[in-house]
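Data block below; observations after.
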Amino acid sequence: MFKTVRIDRGPAGFGGPLVITPTEQRNKVVCVTGGGFHPVALKLAELTGCELVDGFKTGCPDDQIAVVVVDCGGTARCGVYPKKRIPTINVMPVGKSGPLAQYITEDIYVSDVKVENISLSDGSAPAPAPSAAPAQAARPAAATAPAEKGNFLARFGKAAGKVVGIFFQAGRNTIDITIKSILPFMAFVSMIIGIILESGIGNIIANFVSPYAGSLPGLLVISVICSLPILSPMLGPGAVIAQVVGVLLGVEIGAGHIPPSYALPALFAINPQVGCDFLPVGLSLAEAEPQTIEIGVPTILMTRLVTGPLSVVIAYFMGIGLF
């Protein structure tokens, strides 16, 4: 017997509240968070009576998903499932962010969710539409556009207007992504650099990082740690670890504590985890079969243990003589 639950946003959250009513068809709570099942997903499965699915280990068809739990820091994952009109819960305090921000709406998405934000509901509130439906306004048969008539100039003008409209919309999307994603990231990096330079933290980090980042064996150690299948999905969301460590290394290279020739291998050493949190979502977007996702995710995670250190070695030799 399934039960209806209500999910409210947290203090710093966006969207909601969502009212989830599982059915015989849609009876899966899919957890796409690093480090196993998140407490929010466990609570949802307990209250609703749905089956709990680890999105990193087992694939699940979209038409069987009642709700998805993600821990996206503001990149693509938080918008993938809303685009499919699948109710999405983000445990991170992220609003309309990323390249799919236009699909993140309050009726299908809620963020900064904690266990205490989940409660049983009497089902009186309408649940969001779980299946994708093209937003097309119904048009009476009489209102359909007549077959295009006119001379060459009319057809040319219409085609030119269409092209201009496409480029205009592309420009709007570019500005939107710049304002909502790129500029905040630049401000974040500037703040990190300022803190490092003025607080003395840089000297402490230099003493710890330099022995590793200043040699090829040390970079290989960093690469192996970042690419461990247990850690990489947890280090991936928002690429925060790579951003912070990259800024630290850049500051230390600029200060002369690390040779500039190590910049390229250091870049590959801190990035083998990038995208590891997105693997189940990426395979789902590619319409992979559940069995493919179940086998593909651990396979790719394991291959990072090989390709990560290998890329560091290649970058090391490629960087010789560049500086």
Side-chain angles (χ1 to χ4, degrees), residues 9-16 18 32 68 70-113 128-129 132-137 145 155-196 235-251 254 267 270-271 273-282 284-286:
R9 66 187 180 190
F14 168 85
L18 299 185
V32 192
V68 176
V70 301
D71 61 348
C72 179
T75 51
R77 211 174 359 147
C78 58
V80 167
Y81 293 103
K83 182 180 180 181
K84 299 179 180 182
R85 298 301 294 171
I86 296 176
T88 304
I89 297 173
N90 194 350
V91 298
M92 305 290 285
V94 174
K96 297 173 73 68
S97 178
L100 301 177
Q102 66 267 32
Y103 301 105
I104 301 176
T105 56
E106 295 185 356
D107 65 320
I108 204 71
Y109 175 89
V110 64
S111 65
D112 194 29
V113 176
Q136 296 180 350
R155 292 194 298 271
F156 177 80
K158 184 176 180 179
K162 184 177 181 180
V163 172
V164 170
I166 292 174
F167 280 101
F168 177 70
Q169 184 60 41
R172 292 180 58 183
N173 292 341
T174 301
I175 296 298
D176 187 64
I177 292 176
T178 301
I179 293 175
K180 293 183 178 180
S181 300
I182 298 177
L183 292 181
F185 171 70
M186 294 174 63
F188 165 75
V189 171
S190 300
M191 180 193 69
I192 293 294
I193 293 176
I195 293 175
I196 293 171
L235 298 177
V240 174
I241 299 298
Q243 293 172 11
V244 173
V245 176
V247 171
L248 297 178
L249 292 176
V251 172
L267 174 66
I270 64 176
N271 279 297
Q273 84 286 350
V274 171
C276 288
D277 62 313
F278 192 70
L279 294 178
V281 179
S284 177
L285 284 175

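Note that the coordinates shown come from a computational prediction; the quantities given were computed from them, not determined experimentally.
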The test is side-chain contact (heavy atoms from CB on, under 4.5 Å); show your working for Ile108 and Tyr81 and say whether it passes. CA-CA 9 Å; Ile108 204 71; Tyr81 293 103; over 6 Å; no
Please list, chain by chain and in numerical order, all residues satisfying side-chain hydrogen bond (donor to acceptor under 3.5 Å, both in side chains) with [X], sequence neighbours excluded.
X: Thr105; answer: Asp107
X: Asp112; answer: Lys114
X: Tyr109; answer: Asn90

If you take all heavy atoms of Lys96 and Ala101, which pair is closest and at what distance?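 Heavy-atom minimum between the residues: NZ-O, 3.2 Å.
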Please find the pair of heavy atoms, one from Val110 and one from Leu18, that lie closest to each other, and give the distance. CG1-CD1, 3.8 Å
Flag the pair Ile104 / Cys78 as yes when at least one side-chain heavy-atom distance between them is below 4.5 Å, and no otherwise. yes
Does the side chain of Val70 come within less than 4.5 Å of Ile89's, by heavy atoms? no
Any sub-3.5 Å donor-acceptor pair from Ser111's side-chain atoms to Gly95's backbone N or O?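 Not confirmed, Ser111 side chain does not pair with Gly95 backbone.
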